[in-house]
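Contents: one structure, followed by commentary.
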Amino acid sequence: MAAPAPGLISVFSSSQELGAALAQLVAQRAACCLAGARARFALGLSGGSLVSMLARELPAAVAPAGPASLARWTLGFCDERLVPFDHAESTYGLYRTHLLSRLPIPESQVITINPELPVEEAAEDYAKKLRQAFQGDSIPVFDLLILGVGPDGHTCSLFPDHPLLQREKIVAPISDSPKPPPQRVTLTLPVLNAARTVIFVATGEGKAAVLKRILEDQEENPLPAALVQPHTGKLCWFLDEAAARLLTVPFEKHSTL
């Protein structure tokens, strides 16, 4: 089994430098998309440490474009926990508090789950909202997806050896997440692989071993993050030195020093 192309790997000397570069890339992709024929920018966000990273860096990076450009953003979430928005585990709730309060994206263009529905219905409802936002696309095509990767190789709420990896729906419910809380709604591989650009972000020594498996090993049963291979889009990895310390494949080293 041949190893897939790992994509462009960028390594930064610190998570702060990585965050600043990530915010600049989001701003550049937004400007490029808004200047194109569709005149809109569709961004999908993941949770975890990305919330604080983007909250710290993104408002300043997109400020020069002005509020008129943000009015043409569409924002979705790569996965979400089935908890109320004021719960500490709510990805949207964290972004609402820490980032969206400083980015004037119209609320009507922020696509969220309905956490009051049962998980199966919440997934169907989220899929319906995505289809409305991406009319004309048989599968929603995000301009940019920002993904994380867990120490077990999961991304979004797609976990190793889980049946969801075989699902063709654009949004799937999960009731038995190995990582709590157990009930979640997640985008699936068809949506991840339809995106125009996918960026994985990983920091810290705890990610080093799994990144080596994803980016270098030729496994018969690849980890979920290794199955993200955009069909026509671009795949990038943004890592800090600690996360990249075991890699032997070529990568670009970035530093402001």
Side-chain angles (χ1 to χ4, degrees), residues 22 25-47 50 54 58 62 65 67-82 85 90-92 95-96 99-100 103-115 117 119-148 155-158 164-174 184-200 224 227-236:
L22 177 64
L25 191 147
V26 173
Q28 290 165 7
R29 287 290 297 137
C32 181
C33 291
L34 294 176
R38 292 177 306 116
R40 74 166 190 181
F41 175 56
L43 172 65
L45 296 177
S46 301
L50 280 166
L54 289 170
L58 190 56
V62 301
S69 69
L70 289 165
R72 292 184 284 149
W73 284 35
T74 298
L75 187 63
F77 298 91
C78 300
D79 68 328
E80 180 60 279
R81 289 88 171 220
L82 197 71
F85 291 148
S90 169
T91 296
Y92 166 65
Y95 274 112
R96 181 177 63 180
L99 178 63
L100 297 179
L103 287 183
I105 300 172
E107 195 171 323
S108 61
Q109 287 161 224
V110 179
I111 309 167
T112 65
I113 69 164
N114 181 347
L117 296 174
V119 67
E120 292 271 355
E121 293 178 29
E124 292 174 8
D125 177 70
Y126 189 55
K128 181 180 177 181
K129 290 173 181 174
L130 287 173
R131 288 195 183 94
Q132 290 171 345
F134 291 85
Q135 290 183 18
D137 292 344
S138 57
I139 293 176
V141 178
F142 281 88
D143 296 301
L144 177 60
L145 291 177
I146 305 178
L147 304 182
T155 190
C156 299
S157 287
L158 303 172
L164 284 190
L165 293 172
Q166 311 304 322
R167 290 283 287 270
E168 288 302 311
K169 289 185 175 181
I170 63 171
V171 177
I174 178 168
R184 298 162 175 240
V185 169
T186 183
L187 298 183
T188 58
L189 287 169
V191 179
L192 304 186
N193 288 327
R196 292 183 173 88
T197 301
V198 175
I199 302 180
F200 275 101
L227 296 172
V228 179
Q229 297 286 328
H231 302 309
T232 58
K234 185 177 180 181
L235 176 64
C236 306

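What you see is a predicted model, and the numbers here were worked out from it, not measured in a lab. Atom set for the values below is all heavy atoms of this structure, side chains included, hydrogens, waters and symmetry mates excluded. Throughout, numbering of the chain's residues begins at 1 and tracks the sequence.
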query = Any donor-acceptor pair under 3.5 Å linking the side chain of Asn193 with the backbone of Gln229?
reply = yes
query = Taking side chain as C-beta onward, heavy atoms only, is Asp79 less than 4.5 Å from Ile174?
reply = no
request  = Using the test side-chain hydrogen bond (donor to acceptor under 3.5 Å, both in side chains), find all partners of Thr186 that sit at least two apart in sequence or belong to another chain.
outcome  = none
ask   = What distance separates Leu43 CG from Thr74 OG1, expressed to the nearest 0.5 Å?
value = 9.5 Å
key: Any donor-acceptor N/O pair, Tyr95 side chain to Ser46 backbone, under 3.5 Å   = yes
key: Approximate separation, where rounding is to 0.5 Å, of Glu124 CD and Asn114 CG   = 12.5 Å
ask   = side-chain contact (heavy atoms from CB on, under 4.5 Å) with Thr197: which residues, sequence neighbours excluded?
value = Arg29, Leu144, Ile199, Lys234
query = After noting the C-alpha distance and the side-chain angles of Leu192 and Val198, does the key distance pass the side-chain contact (heavy atoms from CB on, under 4.5 Å) rule?
reply = CA-CA 8 Å; Leu192 304 186; Val198 175; 5.5 Å; no
ask   = Among all residues two or more places apart in sequence or in another chain, which pass the side-chain contact (heavy atoms from CB on, under 4.5 Å) test with Gln28?
value = Gln24
remark   = Residues passing the side-chain contact (heavy atoms from CB on, under 4.5 Å) test with Pro67, sequence neighbours excluded, are Pro104
task = Please report the shortest heavy-atom distance between Leu34 and Trp73, naming the atom on each side.
result = CD1-NE1, 4.2 Å
ask   = Nearest 0.5 Å, what's the OG-CZ distance between Ser90 and Arg96?
value = 7.0 Å
request  = Please state whether the rings of Tyr92 and Phe85 are parallel, tilted or perpendicular, taking 30° and 60° as the class boundaries.
outcome  = perpendicular
request  = Would you please name every residue forming a side-chain hydrogen bond (donor to acceptor under 3.5 Å, both in side chains) with Asp125, sequence neighbours left out?
outcome  = Lys129
task = Report the residues that fulfil ring-ring contact (aromatic ring centres under 6.0 Å, His included) with Phe200, sequence neighbours left out, ordered by chain and then residue number.
result = Trp237
key: Closest non-hydrogen atom pair between Pro230 and Leu235, with its separation   = CD-CB, 4.0 Å
request  = Quick one: list whatever passes side-chain contact (heavy atoms from CB on, under 4.5 Å) with Pro224, sequence neighbours left out.
outcome  = Leu158, Pro160, Leu165
task = Examine distances only and state if a side-chain atom of Glu80 and a backbone atom of Thr91 form a donor-acceptor pair shorter than 3.5 Å.
result = yes
ask   = Taking it one step at a time, do Leu187 and Val171 satisfy side-chain contact (heavy atoms from CB on, under 4.5 Å)?
value = CA-CA 5 Å; Leu187 298 183; Val171 177; 4.1 Å; yes
task = Could you walk me through whether Val228 and Leu145 pass side-chain contact (heavy atoms from CB on, under 4.5 Å), step by step?
result = CA-CA 11 Å; Val228 179; Leu145 291 177; over 6 Å; no
task = Sort and list the pairs that fulfil salt bridge (charged side-chain N to carboxylate O under 4.0 Å, His left out) and have at least one residue in residues 106-115, not counting sequence neighbours.
result = none
key: Heavy-atom side-chain contact between Leu50 and Leu22 under 4.5 Å   = yes
task = Side-chain contact test, heavy atoms from C-beta onward, threshold under 4.5 Å: evaluate it for Leu130 versus Val191 and give yes or no.
result = no
ask   = Hey, does Val26 have a side-chain heavy atom less than 4.5 Å from the side chain of Phe41?
value = yes
inquiry  = Phe134: which residues meet the ring-ring contact (aromatic ring centres under 6.0 Å, His included) condition with it, sequence neighbours left out?
reply    = Phe142
message = How close do Ala194 and His231 get, counting heavy atoms only, and between which atoms?
response = N-CD2, 4.5 Å
task = Would you name the heavy atoms of Leu82 and Ala122 that are closest together and state the gap between them?
result = CD1-CB, 3.8 Å
note = Contacts of Arg38 meeting salt bridge (charged side-chain N to carboxylate O under 4.0 Å, His left out) (sequence neighbours excluded), chain-then-number -> Asp143
inquiry  = So, taking the atom named CG in Leu100 and the one named CG in Leu75, what distance separates them when rounded to the nearest 0.5 Å?
reply    = 6.0 Å
remark   = Scanning both residues in full, the closest heavy-atom pair of Cys78 with Leu147 reads SG-CD2, 3.6 Å
